[in-house]
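Notes for the one structure printed next.
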Amino acid sequence: MGLFDDAVPGGNITKPLMVALGALLVGKMLSGGSAPAEAPAPVPQPSAGPQGGGFMGGLGGLLDKLSNAGHGSTVSSWLGNGQNEPIQPTQLQTALGQTTIADLARQAGISEQELLAQLAQSLPGVVDKLTPNGRVPSQPEIQSVWNRA
């Protein structure tokens with residue numbers, strides 16, 4: 001996929017993972033329903049509002065959700081200089097919620113366990129790459145980068 005390959009250990013982001021990451025980072029993932037994903041770009045569009053425990057807010061919303069779940073120091077390591085702290089699949093599942101994980105897995109066409117494992121491996125590097133100098137980009141900036149990936 002190119003742009004983010006060096007952000008992931010092993011150097012390869014698969015198409016299903018790109019679908020899931022795009023939904024999370026561009027802010028189109030909503031629990032309670034969403035349109036099926038056909039390709040990593042354009043990002044899947046929502047068909048429901050943020051009610052029902054879902055979230056919308058892209059990268060900033062994702063980082064807030066992880067921080068609020070007790071992983072603030074981990075998130076800070078992804079934004080700052082130096083080594084990115086890892087996050088465990090179970091920590092992601094708890095922070096994001098079962099409905100969001102199930103929706104992402106369904107959109108990506110992979111199992112929830114595989115989704116969580118791949119997100120845990122790739123999210124630190126992708127967030128690090130998207131936040132040069134610790135600056136969280138705006139949604140239009142992220143969408144522009146994501147559409148080039």
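Closest approach of A108 and A20 over heavy atoms only: CB-CB, 4.4 Å.
Put simply, the side chain of V126 does not reach to within 4.5 Å of the side chain of W78, judged on heavy atoms.
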(message) I'd like to know whether T131 forms a side chain to side chain contact (heavy atoms under 4.5 Å, CB included) with L59, so could you lay out the CA-CA distance, the side-chain angles of the two residues, the decisive distance to 0.1 Å, and finally the verdict.
(response) CA-CA 10 Å; T131 56; L59 178 58; 3.9 Å; yes
(request) Apply side chain to side chain contact (heavy atoms under 4.5 Å, CB included) to D128 and L79, showing your working. (result) CA-CA 6 Å; D128 186 54; L79 298 175; over 6 Å; no
(request) Evaluate the criterion side chain to side chain contact (heavy atoms under 4.5 Å, CB included) for residue pair V75 and V127; output intermediate values, then yes/no. (result) CA-CA 9 Å; V75 167; V127 170; over 6 Å; no
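Listed by chain and number, the residues in a side chain to side chain contact (heavy atoms under 4.5 Å, CB included) with E114 are I110, S111, Q118 (sequence neighbours excluded). The side chain to side chain contact (heavy atoms under 4.5 Å, CB included) search around A117 returns none, not counting sequence neighbours.
Atoms CD1 and CG, from I101 and L96 in turn, are 4.5 Å apart once rounded to the nearest 0.5 Å. The distance from the OG atom of S67 to the CG atom of L62 is 9.0 Å, given to the nearest 0.5 Å. For the atom pair CG of L92 and CG of L123, the computed distance is 6.0 Å after rounding to the nearest 0.5 Å. From Q93, atom CD reaches atom CG of L119 across 11.0 Å, with rounding to the nearest 0.5 Å. Distance check: Q121 CD to L116 CG gives 13.0 Å after rounding to the nearest 0.5 Å. In this structure, CE on M18 lies 10.0 Å from OG on S122, to the nearest 0.5 angstrom.
With hydrogens and angles ignored, the 3.5 Å screen pairs a side-chain donor or acceptor of N68 with a backbone N or O of D64.
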Distance-only donor-acceptor pairs under 3.5 Å for side chains of residues 83-91, two or more places apart:
residue: E85; atom: OE1; partner: T74; partner atom: OG1; Å: 3.3
residue: Q91; atom: OE1; partner: Q88; partner atom: N; Å: 2.7

